[in-house]
Amino acid sequence: MIERRVCIRVDGGSHSVVRDSVAEETQLELHINGSLLRRASLSPCHFREFVAGHLLSEGYIGGLEDIAAMHIDGHLANVTLRPACGRKHTEHSEKPGRLAVRTDDVFRAMRMLLDSDAHRATGGFHRAGVFSEDGTAWMVDDIGRHNAMDKAIGHCLLERIDLSKVFVIMTSRISSGLALKCSRAGIPILASRGAPTSLAVDIADGAGITLIGFVRGERMNIYTHEERIADLALTGT
């Protein structure tokens with residue numbers, strides 16, 4: 001995940017040769033039923049999670065049962081889909097669940113997410129985490145925010161975790177692509193330290209997703225479907 005590379009560090013009027021920590025980037029070729037789907041640039045970890053999550057979040061499968069076989073050898077992933085599977089979920093595939101959380105749950109999850117040694121060492125990673133009602137959490141770092149989301153979704157698929165009963169926290173800007181991935185996966189709540197785009201807000205609103213941005217310290221902006229934030233509902237906000 002992290003490599004050491006020589007660079008010249010300039011600090012004020014002085015400079016020195018140092019070995020700096022940089023985020024490692026690699027490529028993975030993904031083939032479906034013998035045909036190349038894409039070459040992905042990503043961090044060299046959790047390839048199975050990435051493949052499973054990417055296929056679901058991009059609409060190639062509707063669930064893990066659509067994958068007949070998955071084989072990963074080095075930087076090559078071969079997936080065989082069951083008959084009748086393909087790009088069939090192009091828009092909103094699942095109705096998001098009725099999961100409700102409190103603002104404190106979101107703040108706590110963000111504090112956990114930001115506790116990343118890899119990001120502190122390099123500044124070169126995005127991070128995504130999935131959090132369950134029972135407090136279970138799984139977090140992943142990747143050089144790409146879409147990759148991080150795919151790996152988080154893929155983890156839930158492979159572990160048979162109900163995606164309608166988790167919420168996702170991220171460190172990055174929330175783009176329309178990330179909102180669509182949550183919609184296709186049936187994830188009810190997406191929150192981030194970063195800002196959402198206007199199209200992401202529109203997609204989340206139409207798909208029934210609670211979209212939260214600027215989760216920093218003890219503040220946040222809730223853009224859509226605030227009814228899932230339990231303590232706001234209790235106060236009638």
Side-chain angles (χ1 to χ4, degrees), residues 1-7 9 18-28 40-54 57 75 99 101-159 161 163 165-175 177-179 181-182 185 187-197 200 210-222:
M1 289 279 288
I2 298 174
E3 292 187 357
R4 300 281 288 176
R5 296 297 175 93
V6 174
C7 68
R9 179 168 295 162
V18 300
R19 294 181 64 85
D20 191 31
S21 297
V22 297
E24 185 179 355
E25 179 178 355
T26 191
Q27 286 201 327
L28 180 70
S41 294
L42 72 172
S43 297
C45 68
H46 304 296
F47 285 170
R48 288 180 60 82
E49 286 84 353
F50 169 76
V51 170
H54 183 74
S57 72
H75 297 276
L99 174 71
V101 300
R102 299 177 65 86
T103 52
D104 282 349
D105 297 327
V106 179
F107 293 137
R108 187 180 307 110
M110 181 57 72
R111 288 193 295 271
M112 293 174 63
L113 189 73
L114 293 176
D115 187 17
S116 166
D117 292 337
H119 182 74
R120 279 192 290 268
T122 67
F125 290 101
H126 295 289
R127 202 166 210 223
V130 285
F131 296 82
S132 302
E133 290 177 285
D134 62 3
T136 303
W138 188 82
M139 288 162 282
V140 64
D141 297 282
D142 197 277
I143 59 168
R145 62 182 187 272
H146 292 84
N147 299 339
M149 172 68 83
D150 285 343
K151 289 178 178 181
I153 291 172
H155 168 77
C156 291
L157 278 183
L158 296 175
E159 296 298 321
I161 297 169
L163 283 158
K165 296 181 179 179
V166 301
F167 64 99
V168 172
I169 298 279
M170 302 195 72
T171 56
S172 66
R173 173 174 55 87
I174 304 175
S175 64
L178 291 175
K181 285 177 181 291
C182 283
I187 293 168
I189 301 171
L190 171 60
S192 181
R193 191 173 188 274
T197 66
T210 300
L211 185 66
I212 306 170
F214 295 107
V215 182
R216 301 179 183 187
E218 296 298 316
R219 63 185 177 91
M220 65 174 74
N221 290 351
I222 304 167

**Q** Taking all atoms of both residues into account, what is the closest heavy-atom pair of E24 and I143, and its distance?
**A** O-CG2, 3.9 Å
**Q** To the nearest 0.5 Å, how far apart are CG in L42 and NZ in K151?
**A**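 With rounding to 0.5 Å, CG (L42) is 4.5 Å from NZ (K151).
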**Q** Is it the case that the ring center of F50 lies less than 6.0 angstrom away from the ring center of H46?
**A** no
**Q** Please test D115 against R120 for salt bridge (Lys or Arg N to Asp or Glu O under 4.0 Å), starting from the C-alpha separation and ending with a verdict.
**A** CA-CA 8 Å; D115 187 17; R120 279 192 290 268; 3.0 Å; yes
**Q** Excluding sequence neighbours, so at least two apart, what forms salt bridge (charged side-chain N to carboxylate O under 4.0 Å, His left out) with R111?
**A** E218
**Q** Would you say CZ of R4 has more than 12 non-hydrogen atoms from neighbouring residues, nucleotides or ligands within 6.0 angstrom?
**A** yes
**Q** Measure the spacing between OG of S192 and CE of M220 and express it to the nearest 0.5 Å.
**A** 12.0 Å
**Q** Distance check, rounded to the nearest 0.5 Å: L99 atom CG versus K165 atom NZ?
**A**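 So the gap between those two atoms works out to 9.5 Å.
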**Q** Return the CD to CZ distance between E133 and F167, rounded to the nearest 0.5 Å.
**A** 9.5 Å
**Q** Nearest 0.5 Å, what's the CD1-SG distance between I189 and C182?
**A** 10.5 Å
**Q** Could you give the distance from CG (L178) to CG (D150), rounded to the nearest 0.5 Å?
**A**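 Rounded to the nearest 0.5 Å, the CG-CG separation comes out at 9.0 Å.
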**Q** Do R5 and D20 meet the salt-bridge criterion of a basic N to acidic O distance under 4.0 Å?
**A**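 R5 and D20: not salt-bridged.
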